[in-house]
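I have placed the structure first, in the form of structure tokens, so that the comments after it can refer back to it.
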Amino acid sequence: MTRLSGKILLAYFGAILLAVIAGDLLLIRFLENLLLANARQDLQQEWIESYPSLQGAVVAPSRAQELRGKLEKLAQDASYRFTLFDLSGTPVADSRPGEPPDSGRLPRLPEVSQALQNGQAFALRAVPGETSQWLFFAKLTEDAVFRVGASTSGIAALLNRVRLYLWLATGLLLAGTWLFYAALLRRANEALVRFRKMVRGFEQGDYAQRFLVLSGDQVGELGESMNTLAKDLESKIRALAEERNRLKAILYTMQEGVIVLNADGNIALFNPAMRRLFGLDESALGKPPIEVIRNADLQGIVDESLAGQAVESRELRVIRGGQERFLMVQATPFSGKSEPLGAIIVMYDVTNLRRLERVRRDFVANVSHELKTPLTSIQGYVETLLDAPGDAQQTRNFLSVIDANSRRLGKLIEDLLRLSEIESQAFILRPEVFSAAELIGEVVALHEGLLKRKDMRVETAVMPEGLRLRSDRMALTHILGNLIENAVKYGKPGTSIRVACGQEGGDARFSVQDQGIGIAPVHLERIFERFYRVDRSRSRQEGGTGLGLAIVKHLVQLLGGEIEVESAEEVGTTFRFSVPHSIV
Ligand code: ADP
């Protein structure tokens, strides 16, 4: 039984007991009065009926014996006690055999003295030697006071019996109530336990449970309401979960880094892109961004947005892992009904974009510069020739300079066009099958003149002999041509160049090795950049454009391979590149 129902039951029982006690007091008193009134009437009646037999008798102590006989005779037929008193109130005779009349005590008996005074009187009082009270009726006659008395033990017994029945009935009523109430409580308790279980389930997020409605009473109605509530909650929570999953999926697949800040400006949430951008981990949660990203500009943006001001596309420069990165940041505050709830910071990496912009700017500047130099030279010599034509030898010298510069211009434009062609999406590889040795032979032959001028030789090594490849022949010709040309340009006269082709699984591996001036380690990383040259004047002198290795790298990448360089100053340089899946 629950504490509440126990209390209710106790209060109910208390009320019943109070009612019964009050009822007992009132009813018993009423009954007692009624019975006593009856008894008074009976006594009066008995007095009237008994007195005539005493009329005329002399009431004096000397006649006590005779009187007593008369009184005993009266008492034989009835259960009354008869007593005669003289006018002084002294008992003369009594019907109780062996019982002395209330032997002349003073003060006089109350009923007798009142009768002497008022003519007649009743008295309800204790009598020595008796357990229950006696009711007396005394009436004054001419020469005596005649009193009739009766014990009230019968009334007391009757009242006790009534009281017993009353309590028995009360007991039965309470027991019945108890049983009925207990049954009722058990049902209510069972329902309560089920409700409690349901609510606990709600607390733990289980909204699928339902209350089994067994009755149409209030418990049943409450059960129905709980079921409706559970259904509503379930569908609302499912909708919320779906919404949350959708948002989570968006947040997790976004390329942009997202941080959600709470109203205190601490990190409440961040997505994987943010984790990648700044290497954040779970320990960042609950901290202000400045603590984990350490960038004053970002904190400025955070402060602005938390103050309720949206920040649109602001660029942030951060150094991460020793590298400069550019981030485009956007911050939007969000608020509840009135108070601010926090801000959302979205940032995306624009480093590559900025790098590309810079490369493009540099490229345009470089191209302009590279084109301008030979063009200025040509213009200068042409003007000189036009203004003051000199002797034939000088003219030839000038013309040969003009020729060299115009060739350089031509080569530059040719390389630029090739580079843009390779870089454009339109470049299509045309694979064909050919012999590796033949290809190398052809490329070497193209450079015979150059080689001879520097007294250099090319050693070829193809392993296995007769190796055949399937690849874009033109692309490979360009790659090998540029590398051999460089080997000649930067090689020492009289040395030899080694061009090799080998097999590595399904891949072909080429290498071009010279014994030239070599490249200092600081330059190695950058020589594949467009227009990057270790020694600008030497390159120019050799007729270089600074684009050769950029074209080579792009072509190797288009063939799916990789190129690497190994070099030692004044010893020589080796370029190696692979052409995957090209072995036939
Ligand atoms: P260039 O037209 O100037 O040769 P490249 O792109 O072919 O341009 O090469 C870039 C630079 O790399 C050259 O200017 C040169 O300084 C260096 N380089 C290329 N190949 C070699 C080599 N075999 N030996 C030494 N330096 C080389």
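- Between G491 and M456 the shortest heavy-atom distance is CA-CE, 3.8 Å.
- At least one side-chain heavy atom of D415 sits less than 4.5 Å from a side-chain heavy atom of K411.
- Counting all heavy atoms, side chain and backbone alike, A310 lies closest to P333 at CA-CD, 3.7 Å.
- Relative ring orientation between F202 and Y207 is described as parallel, the plane-to-plane angle staying below 30° on a 0-90° scale split at 30° and 60°.
- Ion pairing between a basic and an acidic side chain is recognised when a charged N comes within 4.0 Å of a carboxylate O; E370 and R536 show such pairing.
- Residues L451 and V444 form a side-chain contact, since some pair of their non-hydrogen atoms from C-beta on lies under 4.5 Å apart.
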Worked check of side-chain contact (heavy atoms from CB on, under 4.5 Å) between S420 and L416
CA-CA 6 Å; S420 91; L416 279 170; over 6 Å; no
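- Atom CZ in R533 sits 12.5 Å away from atom CD in E542 (nearest 0.5 Å).
- In terms of modelled atom types and a separation under 3.5 Å, the side chain of N262 and the main chain of A268 share no donor-acceptor contact.
- Environment of CZ in R540: crowded, with over 12 heavy atoms of neighbouring residues, nucleotides or ligands closer than 6.0 Å.
- The line from NE2 of H581 to CG of L469 is 14.0 Å long, rounded to the nearest 0.5 Å.
- A pairwise comparison of heavy atoms in D507 and S582 identifies C-OG, 4.4 Å as the closest pair.
- A salt bridge between E423 and R530 is present, with a side-chain N of the basic residue lying under 4.0 Å from a carboxylate O of the acidic one.
- The pair E357-R360 does not meet the salt-bridge criterion, since no charged nitrogen lies less than 4.0 angstrom from a carboxylate oxygen.
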Working note: E282 + R275, criterion side-chain contact (heavy atoms from CB on, under 4.5 Å); need CA distance, chi angles, decisive distance, verdict.
CA-CA 9 Å; E282 304 308 315; R275 190 189 296 262; 3.0 Å; yes
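- Side-chain contact between V199 and E203 is present, with heavy atoms from C-beta onward closer than 4.5 Å.
- Atom CD1 of I422 and atom CG of L555 lie 3.5 Å apart (nearest 0.5 Å).
- E324 and R354 are not joined by a salt bridge, as no carboxylate oxygen comes within less than 4.0 angstrom of a charged side-chain nitrogen.
- When all heavy atoms of A487 and V512 are compared, the closest pair comes out as CB-CG1, 4.2 Å.
- Shown here is R210, whose CZ atom has more than 12 heavy atoms of other residues, nucleotides or ligands within 6.0 Å.
- The side-chain heavy atoms of E566 and T573, taken from C-beta on, include no pair separated by under 4.5 Å.
- A salt bridge links E414 with R418; the closest basic N to acidic carboxylate O contact falls under 4.0 Å.
- Salt bridge R509/E562: absent, no basic N to carboxylate O contact under 4.0 Å.
- One N or O on the side chain of T351 and one on the backbone of F326 form a donor-acceptor pair closer than 3.5 Å.
- Counting all heavy atoms, side chain and backbone alike, A284 lies closest to F270 at CB-CE2, 4.1 Å.
- L229 CG to M198 CE: the interatomic distance, rounded to the nearest 0.5 Å, is 7.5 Å.
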Verdict with supporting geometry, I290 and L298, side-chain contact (heavy atoms from CB on, under 4.5 Å):
CA-CA 7 Å; I290 185 88; L298 177 64; over 6 Å; no
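- The main-chain N or O of L316 is never found under 3.5 Å from a side-chain atom of D297 such that the two would form a donor-acceptor pair.
- The pair K231-E234 fails the salt-bridge criterion, with no side-chain N (NZ, NE, NH1 or NH2) lying under 4.0 Å from an Asp/Glu carboxylate O.
- Panel note: side chain D472, backbone R430; a donor-acceptor pair is recorded below 3.5 Å.
- Between E442 and R473, at least one side-chain nitrogen of the basic residue sits less than 4.0 Å from a carboxylate oxygen of the acidic one, meeting the salt-bridge criterion.
- The closest donor-acceptor contact from the side chain of H554 to the backbone of A550 lies under 3.5 Å.
- The main-chain N or O of T495 is never found under 3.5 Å from a side-chain atom of Q515 such that the two would form a donor-acceptor pair.
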Verify side-chain contact (heavy atoms from CB on, under 4.5 Å) between E570 and K492, making sure each step is shown before the conclusion.
CA-CA 9 Å; E570 299 307 327; K492 287 175 185 158; 3.2 Å; yes
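- Applying the salt bridge (Lys or Arg N to Asp or Glu O under 4.0 Å) definition to pairs two or more places apart or across chains, none involves residues 382-394.
- Among R325, Q323, M347, the single residue meeting the side-chain contact (heavy atoms from CB on, under 4.5 Å) criterion with V318 is R325.
- The main-chain N or O of T395 is never found under 3.5 Å from a side-chain atom of Q393 such that the two would form a donor-acceptor pair.
- The backbone N or O of L549 sits nowhere less than 3.5 Å from a side-chain atom of N482 that would complete a donor-acceptor pair.
- In this structure, F510 has its ring center at least 6.0 angstrom away from the ring center of F575.
- For K248, the NZ atom counts as loosely surrounded, since its 6.0 Å shell holds 12 or fewer non-hydrogen atoms of other residues, nucleotides or ligands.
- Of all non-hydrogen atoms in A230 and Q209, the two that sit nearest each other are CB-O, 4.0 Å.
- At a threshold of 4.5 Å between non-hydrogen side-chain atoms, the residues Q255 and Y348 do not count as touching.
- With rounding to the nearest 0.5 angstrom, the CD1 atom of I319 is 15.5 Å from the CZ atom of R294.
- Side-chain atoms of D264 never come within 3.5 Å of backbone atoms of N266 as a donor-acceptor pair (strictly under, hydrogens ignored).
- Salt-bridge check for E190 with R194: failed, with every basic side-chain N at 4.0 Å or more from each acidic carboxylate O.
- A heavy-atom distance below 4.5 Å is not found between the side chains of H523 and R526.
- For the pair L559/L476, a side-chain contact is recorded, criterion being any heavy-atom separation below 4.5 Å from C-beta on.
- Distance check, rounded to the nearest 0.5 Å: CD1 of I301 to CG of L306 gives 12.0 Å.
- When the options I345, V346, V260, L280 are evaluated for a side-chain contact (heavy atoms from CB on, under 4.5 Å) with M274, the one that passes is L280.
- Between the S539 side chain and the D535 main chain, no donor and acceptor come within less than 3.5 Å of each other.
- R317 CZ: 12 or fewer foreign heavy atoms inside a 6.0 Å radius.
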Let me have the donor-acceptor pairs involving side chains of residues 400-407, under 3.5 Å, with sequence neighbours excluded, atom names and distances please.
unit_1	atom_1	unit_2	atom_2	d
S400	OG	N397	O	2.8
D403	OD1	R407	NE	3.4
D403	OD2	R407	NE	3.0
N405	ND2	S377	OG	2.7
N405	ND2	V401	O	3.2
S406	OG	I402	O	3.1
S406	OG	D403	O	2.9

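- A 4.5 Å side-chain heavy-atom check between T477 and L439 finds at least one atom pair inside the cut-off.
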